Amino acid sequence: MRYPIAIELGSDIAAYGVVVPDLPGCFSAGDMLDEALVGAQEAAAAWIDAALDAGEAIPSPTNLEALRINCDCSGRTFGVITLDAALLDDTTERVNITLPRRVLKRLDALARAAGESRSGYIARLSLEGRREAA
């Protein structure tokens with residue numbers, strides 16, 4: 001997936017700024033252009049992940065030429081960031097994990113108490129932990 005970006009060039013006293021217009025509020029900055037671009041990819045991935053968790057639709061990438069014509073981005077240059085399409089993949093996948101029996105027993109008891117399966121409980125905790133870390 002390739003999302004267009006608008007880049008505000010930096011200087012000796014200002015950082016580079018990168019906006020992902022298709023993802024409202026998604027931006028990055030960095031003292032070096034490469035740093036700002038990597039930050040934009042990370043910000044876009046986090047934006048999409050949060051939107052999916054909230055049950056929101058993910059905007060399709062705008063055509064780069066359409067962005068250039070329609071964006072109120074005077075003085076900026078344009079480019080694209082590439083995101084792994086797996087970000088949108090909610091396909092269930094079977095995994096094998098290894099845990100000490102005492103931990104597995106505790107995990108199963110917590111899942112039962114929450115009225116969830118082991119897998120559902122782990123998934124919910126993972127999603128909640130991601131939100132807390134943000």
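From a predicted model like this one, the values you see are computed outputs, not experimental measurements.
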Any donor-acceptor pair under 3.5 Å linking the side chain of D31 with the backbone of A15? no
From S119 OG over to R124 CZ, what is the distance, rounded to the nearest 0.5 angstrom? 13.0 Å
For E42, does its backbone N or O pair with a side-chain atom of W47 as donor and acceptor, under 3.5 Å? no
Is the shortest heavy-atom distance from the side chain of I5 to the side chain of L67 under 4.5 Å? no
Should we say atom CZ of F27 is surrounded by more than 12 heavy atoms from elsewhere, each under 6.0 Å from it? no
Distance in Å, E65 CD paired with F78 CZ, rounded so as to fall on 0.5 Å steps: 9.5 Å
How long is the span from the CD atom in E35 to the CG atom in L37, to the nearest 0.5 Å? 10.0 Å
How many angstroms lie between OH in Y3 and OG1 in T82, if you round to the nearest 0.5 Å? 12.0 Å
For the side chain of T77 and the backbone of I7, is there at least one donor-acceptor N/O pair under 3.5 Å apart? no
Between P21 and T62, is there a side-chain heavy-atom distance shorter than 4.5 Å? no
From D53 atom CG to I48 atom CD1, the distance as rounded to the nearest 0.5 Å: 12.0 Å
Does the pair E116 and L110 meet the rule for a side chain to side chain contact (heavy atoms under 4.5 Å, CB included), with working shown? CA-CA 9 Å; E116 298 179 83; L110 291 168; over 6 Å; no
L104-I97 co-clustered via ILVMFWY side chain contacts under 4.5 Å: yes
Reported CZ-to-CZ distance for the pair R106 and R101, which is rounded to 0.5 angstrom: 16.0 Å
Heavy atoms of P59 and D22 approach each other most closely as CG-O, 3.2 Å
Closest non-hydrogen atom pair between S117 and G120, with its separation: OG-N, 2.9 Å
hydrophobic_cluster_shared for L9 and V20, side chain cutoff 4.5 Å: yes
Membership question, hydrophobic clusters at under 4.5 Å side-chain separation (ILVMFWY): are I81 and V18 in the same one? yes
Is there a donor-acceptor contact under 3.5 Å from the side chain of D49 to the main chain of A45? no
Do L88 and M1 have side chains that approach each other closer than 4.5 Å (heavy atoms only, starting at C-beta)? yes
Step-by-step side chain to side chain contact (heavy atoms under 4.5 Å, CB included) determination, L83 to R2: CA-CA 6 Å; L83 301 175; R2 292 170 35 109; over 6 Å; no
